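Here is the structure we will look at, set down as structure tokens.
By convention in this document, chain letters (A, B, ...) are assigned in the order of the sequence lines, proteins followed by strands, and residues within each chain are numbered from 1. Because the structure is a prediction, the values reported are computed rather than measured.
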Protein chains: 2
Amino acid sequence: MVKYAILGLLHYRNMHGYRIKEHIERNFGHMWSINYGQIYPNLKKLQDDGLILMAGVVQNDEKGPPRKLYAITEKGRHEFTAWLETSPEKSLLLRDPFLMRFVFYGFGDPGRAVEIIDEQIKKYEKDLTRRENNMDRWDKSGLYVRLIAELGVNLNAMMLDWLKHSREEILKAEARELDNDAANPNIRRAVS
Amino acid sequence: MVKYAILGLLHYRNMHGYRIKEHIERNFGHMWSINYGQIYPNLKKLQDDGLILMAGVVQNDEKGPPRKLYAITEKGRHEFTAWLETSPEKSLLLRDPFLMRFVFYGFGDPGRAVEIIDEQIKKYEKDLTRRENNMDRWDKSGLYVRLIAELGVNLNAMMLDWLKHSREEILKAEARELDNDAANPNIRRAVS
DNA sequence: AAAAAACATTTGACTCAATATATATTTTGT
DNA sequence: ACAAAATATATATTGAGTCAAATGTTTTTT
């Protein structure tokens, strides 16, 4: 996917490697990240395949070392358009070490589970504030980028709602457990 | 993560490799998948590390070849609990070839974009129906599994809302574009 | 003047996941 | 009886991503 992300970005303007990572992190950081270890090898491969070319080594009144500016070629535009117009072959992939743990919280200490859920709530609240504060920027970047930013906000808000709801359900279940334990002190249920 | 998923599942009951994959696909398929290429090497490693042991080779009045049943050990339970109680070190990771394309739809044909969005809407509608139909099953699997299933439903519904909203916005923008083009036929905007 | 920081490029080692394929055993269908 | 299908185990290869570190150049700080 890095290949097409780079080709896509080079539609906006010519860029050097370091700026490509910056741009991705600033604009897609809420849903995707990338490493230098991915950028430079891909730039080389795209260049070898004739999809981009190095348009120059410049500095443009900016600080720091000279930059290798990359530009997309006609061949690159063509291959990018073909990719853009094909239906995605795979579904959304989601990986979350927190959710992986959550599934098994029935085997652990509910108090600790609630602590970790509280940490997640704080994290998502922070992220949500940051995303909402950035909405002005997305508005200026075009319809599709704005819609993606809205998706990020929606996803964030949805996670927050669910986390808070889960927290309540867990505490309720615990209260019920304590009531049951009071009535039956010798019973200790291991699984909800 | 496969390691802890396997350890977690073996808290429910002893299982053989093939059944571990089945279980994960049936219960976490909406958010995680796994391959045989991951299961058997991990089973071997967990066994070598003393976290699980092979409890027997049985058939239990079931069809097909004999099964190697794995059971978690006390050491395995201990290490699993330690993992369960640590805070997750990484955030949610989300990868979607569709969203990767979506970001760049400004460079493509809006008609084709809407077609692909329609495909996604159909897919999520289908998934949502399936998840809602399965809610009874989750209800019986414990509080945490039910909450995760609800998250899957919420995520699905949120994606559907956003896709439909995006579709409307894109068509609106296109209509505006056509009005503009009618007034200024020599202008063809490449980017929203 | 020299050191530290910022900006930029690059690479190798490693981990994890995906994929394809192979083999084995039992059950079912022809 | 034999082939196909289902169930189960297993592995090698490839692809993708992570991570850490190295190197280079310019600018800023001490």
Side-chain angles (χ1 to χ4, degrees), chain A residues 1-6 9 14-26 28-29 31-49 52 54-70 88-97 100, chain B residues 1-6 9 14-26 28-29 31-49 52 54-70 88-97 100:
Chain A
M1 285 210 309
V2 176
K3 164 181 174 174
Y4 294 110
I6 292 177
L9 287 176
N14 296 352
M15 265 185 238
H16 56 282
Y18 192 77
R19 180 58 45 84
I20 286 170
K21 175 170 159 65
E22 265 190 3
H23 196 280
I24 287 172
E25 301 255 318
R26 192 183 305 130
F28 312 145
M31 53 178 280
W32 190 44
S33 66
I34 195 173
N35 300 289
Y36 295 118
Q38 287 174 281
I39 296 186
Y40 292 100
N42 271 281
L43 283 176
K44 185 178 191 316
K45 185 161 177 12
L46 287 166
Q47 196 173 4
D48 289 346
D49 291 346
I52 67 176
M54 200 193 354
V57 180
V58 297
Q59 197 168 2
N60 285 349
D61 288 332
E62 288 182 68
K63 300 177 178 181
R67 296 130 168 88
K68 292 182 175 176
L69 274 195
Y70 289 92
E89 62 294 340
K90 284 179 184 171
S91 297
L92 180 147
L93 175 138
L94 184 149
R95 296 262 149 100
D96 189 347
M100 174 63 57
Chain B
M1 285 210 307
V2 175
K3 164 181 174 173
Y4 294 110
I6 293 178
L9 287 177
N14 297 352
M15 266 186 237
H16 54 282
Y18 192 78
R19 179 58 46 82
I20 286 170
K21 176 172 159 60
E22 264 190 3
H23 196 281
I24 286 171
E25 301 257 320
R26 192 182 305 130
F28 311 146
M31 53 177 281
W32 190 45
S33 66
I34 195 173
N35 303 286
Y36 295 120
Q38 288 173 282
I39 295 186
Y40 292 103
N42 271 282
L43 283 176
K44 185 176 191 315
K45 184 162 179 12
L46 287 166
Q47 195 174 4
D48 290 346
D49 292 347
I52 67 176
M54 200 194 355
V57 180
V58 298
Q59 198 168 359
N60 286 349
D61 289 332
E62 288 182 67
K63 301 176 179 183
R67 296 127 167 89
K68 292 180 175 176
L69 274 194
Y70 290 92
E89 62 294 339
K90 284 178 184 172
S91 297
L92 181 147
L93 175 136
L94 184 150
R95 296 260 151 101
D96 189 347
M100 174 63 56

Base, backbone or nothing for each nucleotide of nucleotides 23-30 of chain D, written B, S, -, heavy atoms under 4.0 angstrom, 5' to 3'?
-> -BBSSS--
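What separates OH of B:Y40 from P of D:dA12 is a distance of 16 Å, to the nearest Å. One can place CZ of B:R26 at 11 Å from P of D:dT7, the figure rounded to the nearest angstrom. For the pair A:M54 CE and C:dT10 P, the interatomic distance rounds to 8 Å; values are reported in whole Å. Rounded to whole Å, atom P of C:dT26 lies 14 Å from atom NE2 of B:H16. Between the CG atom of A:L69 and the C1' atom of C:dA8 there is a distance of 12 Å, rounded to whole Å. In this structure, CE of A:M15 is placed 17 Å from C1' of C:dC7, rounded to the nearest angstrom. Rounded to an integer number of Å, the gap from CD of B:E89 to P of D:dT18 is 13 Å. In this structure, B:R67 places its CZ atom 10 Å from P of C:dT26, rounding to the nearest Å.
For the pair B:Q59 (side chain) and B:G64 (backbone), a donor-acceptor distance under 3.5 Å is present. Judged by distance alone, the side chain of A:Y18 and the main-chain N or O of A:Y36 form no donor-acceptor pair under 3.5 Å. Checked by atom type and distance alone, the side chain of B:R26 never pairs as donor or acceptor with a backbone atom of B:I24 at under 3.5 Å.
For A:N14 against A:A55, the heavy-atom pair with the smallest separation is ND2-CB, 4.1 Å. The two residues B:V57 and B:P66 make their nearest non-hydrogen contact at CG1-CB, 3.6 Å.
You'll find the side chain of A:K45 stays beyond 4.5 Å of the side chain of A:K3, heavy atoms only.
At a threshold of 4.0 angstrom between heavy atoms, the contacts of A:K44 with the nucleic acid are absent.
Distance check: B:K21 NZ to B:I34 CD1 gives 8.0 Å after rounding to the nearest 0.5 Å. Rounding to the nearest 0.5 Å places CD1 of A:I39 at 6.0 Å from CD1 of A:I6.
Residues forming a salt bridge (Lys or Arg N to Asp or Glu O under 4.0 Å) with A:R19 (at least two apart in sequence, or on another chain): A:E22, A:E62.
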Between the protein and nucleotides 14-22 of chain C, which nitrogen or oxygen pairs are less than 3.5 angstrom apart?
residue	atom	partner	partner atom	Å
C:dA17	OP2	B:Q38	NE2	3.3
C:dA17	O5'	B:Q38	NE2	3.4
C:dA18	OP1	A:R95	NH2	3.4
C:dA18	OP2	B:N35	ND2	2.8
C:dA18	OP2	B:Q38	OE1	3.4

